[in-house]
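From a predicted model like this one, the values you see are computed outputs, not experimental measurements.
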Amino acid sequence: MGRILLLLALVAIALAVQAPAWLLARTLEEQSGGTLSLRNATGTVWRGEADAAIRGQPAARRDHALGRLAWRVERLDWGRRALQLTVRQPPAGAPPVTLALGAERIRFAGSVRLPAASAGLHRLLAGWTLGGEVSVDSDGVEWAAGAGAGTMTALWRNATLAPPDLPGGFALGEVTARIALGGTAPAVSLRNSGGDIELSGEGSAQSGKIALLFQPRASATPAQTAWLQSHTMGRTPRGYSVETGWPGR
């Protein structure tokens with residue numbers, strides 16, 4: 001009987017080690033509510049690859065590709081229900097992402113790139129069109145017990161922002177945002193360089209507000225200036241102001 005049980009245990013371990021990558025892909029897709037799509041998975045749950053994308057709105061019929069992601073499980077702690085893995089995103093040689101996933105803590109470090117258009121899925125930007133690519137970098141941020149710690153920097157290159165009633169929208173050049181996770185009160189600040197308008201902003205969960213300033217540059221068109229005049233809270237010496245609530249507040 002003991003030999004039979006040992007044989008069954010070895011078979012179970014072998015099956016787990018060779019579990020196909022599509023099992024992980026399907027699990028992540030389900031856990032994300034269908035927002036994350038992983039297709040053409042190869043390898044195993046421990047080391048594999050898949051074509052990744054963020055699902056677009058059904059009406060748009062267009063997903064936002066993330067490239068072919070490769071992952072490798074670095075450590076598994078059954079007792080603490082914790083998993084650490086490395087994820088690599090094209091192009092080759094780009095810094096990898098390290099993820100530590102546990103029942104009580106999540107930690108992220110590294111660099112990830114996203115198409116700016118994927119931000120249009122948020123309800124605050126419904127109907128708006130975003131162009132360019134966003135890279136998010138961090139030496140390490142973590143979430144535990146409902147609070148976060150650490151900082152992230154987001155760089156939005158070739159940034160464009162088009163509201164539904166302004167054909168052509170605005171060119172923003174390069175936008176840099178710093179996100180600080182201070183306990184239960186994260187905060188963000190952003191600035192841009194280049195483009196049709198000068199953009200700056202500050203926001204925090206503590207204040208419950210995000211305040212933005214738009215200052216037309218010499219290259220701004222009359223249509224862009226007219227849009228700012230009719231869609232903002234008014235002009236200040238520093239530019240046209242917009243104030244909105246912090247997401248989720």
Side-chain angles (χ1 to χ4, degrees), residues 31-32 35-36 54 64 66 82-89 94-126 128 130-161 170 172-195 197-215 232-233 236 238-249:
Q31 291 297 317
S32 70
T35 301
L36 178 64
I54 297 176
H64 308 294
L66 302 179
L83 172 72
Q84 181 176 316
L85 67 157
T86 299
V87 181
R88 294 186 179 275
Q89 183 181 16
V97 170
T98 300
L99 291 172
L101 309 174
E104 300 178 352
R105 184 177 73 98
I106 298 175
R107 179 178 173 81
F108 163 90
S111 177
V112 63
R113 289 163 306 286
L114 305 166
S118 62
L121 299 176
H122 196 283
R123 59 181 181 82
L124 291 178
L125 294 171
W128 292 57
L130 289 79
E133 183 182 74
V134 179
S135 60
V136 181
D137 298 271
S138 177
D139 291 334
V141 293
E142 66 177 58
W143 293 263
T151 61
M152 296 184 290
T153 299
L155 183 61
W156 182 8
R157 297 182 178 88
N158 301 316
T160 60
L161 181 65
F170 299 96
L172 302 177
E174 191 172 271
V175 182
T176 302
R178 182 179 183 274
I179 304 99
L181 303 178
T184 58
V188 62
S189 61
L190 59 89
R191 300 287 187 277
N192 81 318
S193 60
I197 57 176
E198 180 182 345
L199 170 65
S200 61
E202 308 280 345
S204 72
Q206 185 173 14
S207 68
K209 298 177 182 178
I210 298 175
L212 302 172
L213 283 171
F214 300 86
Q215 182 71 277
T232 62
M233 302 169 67
T236 71
R238 296 177 56 204
Y240 293 93
S241 65
V242 172
E243 189 174 286
T244 186
W246 185 264
R249 296 288 294 274

Checking side-chain contact (heavy atoms from CB on, under 4.5 Å) for the pair Tyr240/Leu213: CA distance, chi angles, key distance, verdict?
CA-CA 5 Å; Tyr240 293 93; Leu213 283 171; over 6 Å; no

How about [X] and [Y]: do any of their side-chain heavy atoms sit closer than 4.5 Å?
X	Y	result
Phe170	Thr160	no
Leu66	Gln89	yes
Leu199	Phe214	yes

Looking at [atom1] of [X] and [atom2] of [Y], how far apart are the two atoms once the value is rounded to the nearest 0.5 Å?
X	Y	atom1	atom2	value
Ser135	Trp156	OG	CH2	12.5 Å
Thr232	Glu243	OG1	CD	12.5 Å
Arg113	Leu155	CZ	CG	12.0 Å
Leu172	Asn158	CG	CG	11.0 Å
Thr151	Asp137	OG1	CG	10.5 Å
Glu142	Leu181	CD	CG	10.0 Å

Are Glu202 and Arg191 within salt-bridge range, i.e. N to O under 4.0 Å?
yes

Donor-acceptor pair, side chain of [X] and main chain of [Y], under 3.5 angstrom:
X	Y	answer
Asn192	Gly194	yes
Glu133	Arg157	no
Asp139	Gly150	no
Ser111	Pro95	no

What are the two closest non-hydrogen atoms of [X] and [Y], and how far apart are they?
X	Y	result
Leu130	Ala116	CB-O, 3.6 Å
Gly140	Arg107	CA-NH2, 3.6 Å
Phe108	Ser138	CE2-CB, 4.0 Å
Ala185	Ala205	CA-CB, 4.0 Å

